[in-house]
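Each chain gets a letter, A, B and so on, in the order the sequences are listed, and its residues count up from 1. Any value given below was found using the heavy atoms of this structure, including those in side chains, with hydrogens, waters and symmetry copies removed.
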Number of protein chains: 2
Amino acid sequence: MKKKAVINDTPVCQVRMQAISDTMSILSGKWKFHILGTLMEGHKLGFMDLLREIDGIGSKMLSKELQDLEMNHLVSRTVMNTKPITVEYAVTEYGATLAPLIDELTKWGIAYRQSIHGSK
Amino acid sequence: MKKKAVINDTPVCQVRMQAISDTMSILSGKWKFHILGTLMEGHKLGFMDLLREIDGIGSKMLSKELQDLEMNHLVSRTVMNTKPITVEYAVTEYGATLAPLIDELTKWGIAYRQSIHGSK
DNA sequence: AATGGTAGTATCCAAATGGAAAGTGCTTTC
DNA sequence: GAAAGCACTTTCCATTTGGATACTACCATT
């Protein structure tokens with residue numbers, strides 16, 4: 001007789017799996033968390049500010065990732081009516097709901113690094 | 001005068017950024033969270049069990065991702081002394097420390113899906 | 001001897017990811 | 001009027017990722 005999936009074949013597991021996929025696809029890529037983290041620290045930053053703050057990112061990537069985040073309403077983009085045109089990027093109210101997740105991510109990463117050091 | 005990074009140029013931010021990079025690189029890829037989640041539900045599962053439970057994954061990916069997780073001590077691999085050889089995969093004690101992170105990820109994903117439905 | 005189960009590996013290939021460098025258009029300052 | 005700052009976009013390219021398919025090798029049952 002053939003075996004079939006059983007554990008994940010329950011509604012609650014399907015929902016959990018889908019939720020993980022959703023979150024991952026929205027926050028995929030090398031830079032999303034860095035951008036969000038930096039914006040949470042800096043509150044309001046321009047494009048060039050972000051380019052300077054986030055070590056290693058290029059303008060192409062920054063531009064693309066900001067567009068992704070804006071599309072998902074996690075970051076707002078406001079063109080300011082200033083002499084040389086400036087743009088303000090900020091974390092939206094909804095984007096701020098990611099703070100606990102980013103915190104967990106950070107806490108785990110710090111603990112991981114310590115566990116490696118500690119075991120040496 | 002040229003501007004320089006200021007916000008992220010503090011030790012605490014450097015550590016945070018590095019922590020995020022660490023966590024992301026360990027848990028990168030399409031399947032790591034699914035594998036961990038399934039193993040947390042099932043406690044002990046064989047290779048073919050995982051292949052059946054995780055919808056869409058192929059044996060090549062499963063094999064590679066399990067090796068990654070094993071290398072980082074998040075999953076254990078035990079060859080059992082059974083008639084046809086079987087292997088038991090399980091989440092390690094250390095891997096279990098990811099539970100809060102996976103929970104946050106799941107909670108946020110569920111809330112995200114509801115916010116899309118709710119705003120329609 | 002054929003089928004089916006376990007646990008993978010090997011090969012090939014297409015698509016996605018992301019980095020470097022240069023260019024655009026505008027404005028202000030020296 | 002040259003340089004420099006802002007906010008990007010475009011082009012090109014190399015690497016990474018991951019999926020499909022096939023295959024190995026061992027054991028048990030029919």
Side-chain angles (χ1 to χ4, degrees), chain A residues 1-7 17 20-21 24-35 38-39 42 44-72 75-90, chain B residues 1-7 17 20-21 24-35 38-39 42 44-72 75-90:
Chain A
M1 69 176 172
K2 296 201 179 163
K3 290 187 186 178
K4 285 183 183 173
V6 279
I7 298 157
M17 288 291 168
I20 290 172
S21 294
M24 295 288 283
S25 78
I26 290 164
L27 299 172
S28 66
K30 201 172 164 182
W31 300 107
K32 300 244 168 61
F33 283 112
H34 293 294
I35 295 171
T38 305
L39 282 175
K44 281 165 190 277
L45 294 171
F47 187 86
M48 294 307 284
D49 293 327
L50 285 165
L51 210 52
R52 273 185 293 265
E53 296 295 339
I54 301 169
D55 199 49
I57 199 170
S59 56
K60 190 187 93 171
M61 271 302 114
L62 180 56
S63 174
K64 195 214 131 219
E65 298 289 69
L66 282 170
Q67 279 171 30
D68 284 359
L69 292 169
E70 203 195 337
M71 254 190 295
N72 287 312
V75 159
S76 66
R77 180 181 183 274
T78 318
V79 178
M80 303 306 283
N81 190 19
T82 48
K83 320 95 192 197
I85 194 170
T86 53
V87 177
E88 267 183 15
Y89 291 96
Chain B
M1 68 175 172
K2 297 203 179 162
K3 289 187 185 178
K4 285 184 183 172
V6 279
I7 297 157
M17 288 290 167
I20 290 172
S21 294
M24 296 286 284
S25 78
I26 290 164
L27 299 171
S28 66
K30 202 173 164 182
W31 301 107
K32 299 244 167 62
F33 284 112
H34 292 294
I35 295 172
T38 304
L39 281 175
K44 281 166 189 277
L45 294 171
F47 188 85
M48 294 306 283
D49 293 328
L50 286 165
L51 211 51
R52 275 185 292 266
E53 295 294 340
I54 301 168
D55 199 49
I57 199 170
S59 56
K60 190 187 93 172
M61 272 302 115
L62 180 56
S63 174
K64 195 214 131 218
E65 298 290 69
L66 282 170
Q67 279 171 30
D68 285 358
L69 292 169
E70 203 193 338
M71 252 190 296
N72 288 311
V75 159
S76 66
R77 179 182 183 273
T78 319
V79 179
M80 303 306 284
N81 190 19
T82 48
K83 319 96 192 199
I85 195 170
T86 52
V87 178
E88 267 182 14
Y89 290 97

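Put simply, Arg52(B) has a side-chain N or O that comes within less than 4.0 Å of OP1 or OP2 on dT6(C). Neither OP1 nor OP2 of dC6(D) sits under 4.0 Å from any side-chain N or O of Tyr89(A).
Between Arg77(B) atom CZ and dA7(C) atom P there is a gap of 9 Å when expressed in whole angstrom units. Counting to the nearest Å, the C1' atom of dG19(C) and the CG atom of Asp55(A) are 14 Å from each other. Atom-to-atom, CD of Glu70(B) to C1' of dG8(C) comes out at 13 Å; the value is rounded to the nearest Å. Distance, Ile57(B) CD1 to dG18(D) P: 10 Å, rounded to whole Å. Atom CG in Asp68(A) sits about 10 Å away from atom P in dG18(C), given to the nearest Å. Taking atom CE on Met61(A) and atom C1' on dA21(C), their separation rounds to 14 Å, with Å as the unit. In this structure, CG of Leu51(A) is placed 16 Å from P of dG18(C), rounded to the nearest angstrom. Following rounding to the nearest Å, Ile54(A) (CD1) and dG19(C) (C1') show an atom-to-atom distance of 15 Å.
Scanning for side-chain contact (heavy atoms from CB on, under 4.5 Å) contacts around Thr86(A) gives Met80(A), Thr82(A), with sequence neighbours left out. Qualifying side-chain hydrogen bond (donor to acceptor under 3.5 Å, both in side chains) partners for Ser28(B), counting only residues two or more places apart in sequence or in other chains: none. For Thr78(A), there are no side-chain hydrogen bond (donor to acceptor under 3.5 Å, both in side chains) partners at least two apart in sequence or on another chain. Annotation: side-chain contact (heavy atoms from CB on, under 4.5 Å) contacts of Val75(B) (sequence neighbours excluded): Leu36(B), Leu39(B), Leu66(B), Leu69(B), Tyr89(B). The salt bridge (charged side-chain N to carboxylate O under 4.0 Å, His left out) check on Lys44(A) picks up Glu88(A), with sequence neighbours excluded. Under the rule for a side-chain hydrogen bond (donor to acceptor under 3.5 Å, both in side chains), Ser59(B) has no partner lying at least two apart in sequence or in another chain.
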### Base-contact (B) and sugar-phosphate-only (S) positions in nucleotides 9-16 of chain D, heavy-atom cut-off under 4.0 Å, - elsewhere
BBBB----
### Task
Report the C-alpha separation of Ser21(A) and Met17(A) in whole Å, then their side-chain angles, then the decisive distance to 0.1 Å, and conclude whether the side chain to side chain contact (heavy atoms under 4.5 Å, CB included) test is met.
CA-CA 6 Å; Ser21(A) 294; Met17(A) 288 291 168; 5.6 Å; no
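The closest side-chain heavy-atom distance from Phe33(A) to Leu27(A) is below 4.5 Å.
Counting non-hydrogen atoms under 4.0 angstrom, Gly56(A) reaches nothing in the nucleic acid.
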Please list, pair by pair, any protein nitrogen or oxygen found under 3.5 Å from a nitrogen or oxygen in nucleotides 27-30 of chain D.
none

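A salt bridge (charged side-chain N to carboxylate O under 4.0 Å, His left out) check over residues 57-66 of chain A, counting only residues at least two apart or in different chains, returns the pairs Lys32(A)-Glu65(A), Lys64(A)-Asp68(A).
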